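Only one structure is covered here, and it is reproduced in the block below.
Bear in mind the structure is a predicted one, so any value in this text is a computation, not a measurement.
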Number of protein chains: 2
Amino acid sequence: MPRPRSLTPDRLAAAALAVVDRDGLAALSMRTTAKELGMSPMGLYRYVADRDELERLVVDRILGDVDTTPPPGDAPWRERVEAMACRLRDAVARHPEAVPLALAHRHRAAGGLRWSETVLAILTGAGLDGPRRVVALRALHAYVSGAIQLEHRGPLSGPGTEAIAALPGDRFPLLTATARDAGGVAPDEEFLGGLRMLLRGLGD
Amino acid sequence: MPRPRSLTPDRLAAAALAVVDRDGLAALSMRTTAKELGMSPMGLYRYVADRDELERLVVDRILGDVDTTPPPGDAPWRERVEAMACRLRDAVARHPEAVPLALAHRHRAAGGLRWSETVLAILTGAGLDGPRRVVALRALHAYVSGAIQLEHRGPLSGPGTEAIAALPGDRFPLLTATARDAGGVAPDEEFLGGLRMLLRGLGD
DNA sequence: GCTCGTAGGGGTACGCCGTACACCTACGAG
DNA sequence: CTCGTAGGTGTACGGCGTACCCCTACGAGC
């Protein structure tokens, strides 16, 4: 009845995400987000309970534009799971600075839940249920979020590769050799390659 | 020549880890670590450049007691990889509060590198090399670290399961059903089950 | 159209954090 | 015994999350 709200949660999330995209995850704070919105830091507390909730809003926004409609049912189920994995990966990659955030809060965002539901539908259609379906979904979660994380703060692949290739070759002969090989493998190949390995072992 | 050092990096790491184990990861700071050692906060800077290096020491210590000697060579290669994965998982699980730390700095700790080297030896013995070996190692990294993370701040499995089971069943029918099923699956089964799926698809 | 209760938003302040800097001092080499 | 060096302390600064208090712009009820 008195004085209407001037902000939507989504506008708030957009401002915070703008800070992260522009200045990095470390720059995200109640103060910087407030400044981005042209208001005082304490004003934000009319919209979120604490910083953690602000982060959740950001992740909601990132995962909110993952397409979670079922992929065309005429493709084999493995390809449909691949499509879902790629959609998630692409959405997260759109905000590289926010990767740790997105994965940390993934299971609390509506988009993450919808993703799981759609993947489960595909797995169920492939004949999985009961404990096997539990394990399969969890393995997919583990692989996808682990792979995305590796990709964006990478030990192997990415800029960390050179550091590993430069290690003493006598103590880590295979690791240095593998790091050199890694240069010839594109990120998409790595992600999809590993995913296909997992999917190959997952069905039947 | 003047005045000898009173601390070893390992004692420093032990103190920091004690803080984390006792009071949680959020309690870790230069100040609390210094207090644990009975010295002033600034004194730590004679031993580490900054907080990041302190964290790295902690992770070094956690991953340092992963057994990275090659598992007995008479077992099938998949079982040997399993053994390596379990060793890493067990070492990390010994300090549950430090899980995010351990995984974030894994690739910068000597123990993590030795782990990779040993796993690569097994994979090489199984006939993998070149790009296939790159993808296999990376997939294992992704799965293992993703699974450990899920296990310790779990969406599916763990205390988060009930929250998911309590979601509106009409919007998330499969997810809630799967969360209920998840109660009957032990963490070890989940971890090993997913790992075996990945390993099944990984060779040949 | 005026009043009034309420919720939006600002300001100040506290106790944390990491760490730059200046200082004192215990020690071992000569 | 002296002296240079490096270990360790204390102080201080800017930034953080946020508790608390206040002012005020607004919409509902008359």
- Query: Is there side-chain contact between K35(B) and T32(B), with heavy atoms separated by less than 4.5 Å?
  - Reply: no
- Note on the structure: For dA29(C), the nucleotide meeting Watson-Crick or G-U wobble distances (both under 3.5 Å) is dT2(D)
- Ion pair check, R78(A) and E82(A), cut-off under 4.0 Å: no
- Tell me: NZ of K35(B) to P of dG8(D), nearest whole Å? 19 Å
- Message: Any non-hydrogen side-chain atom of L202(B) less than 4.5 Å from a side-chain atom of L123(B)?
- Response: yes
- Note on the structure: The contact string for nucleotides 9-17 of chain C, one letter per nucleotide 5' to 3', using protein heavy atoms under 4.0 Å with B, S and - for base, sugar-phosphate only and none, comes out as BBBBB---B
- To the nearest Å, how far apart are E53(A) CD and dT18(D) C1'? 14 Å
- Message: Test side-chain contact (heavy atoms from CB on, under 4.5 Å) on L120(B) and L128(B); report intermediate values, then the result.
- Response: CA-CA 9 Å; L120(B) 278 173; L128(B) 289 170; over 6 Å; no
- Do the side-chain N and O atoms of H141(B) and S116(B) include a donor-acceptor pair separated by under 3.5 angstrom? yes
- Roughly, in whole Å, what's the span from CG in L37(A) to P in dG8(C)? 15 Å
Enumerate, atom names and distances included, each donor-acceptor pair closer than 3.5 Å involving a side-chain atom of residues 166-176 of chain B, sequence neighbours excluded.
unit_1, atom_1, unit_2, atom_2, d
T176(B), OG1, F172(B), O, 2.9
T176(B), OG1, P173(B), O, 3.0

- Item | Rounded distance in Å - CG (L44(B)) to C1' (dT9(D)) | 12 Å
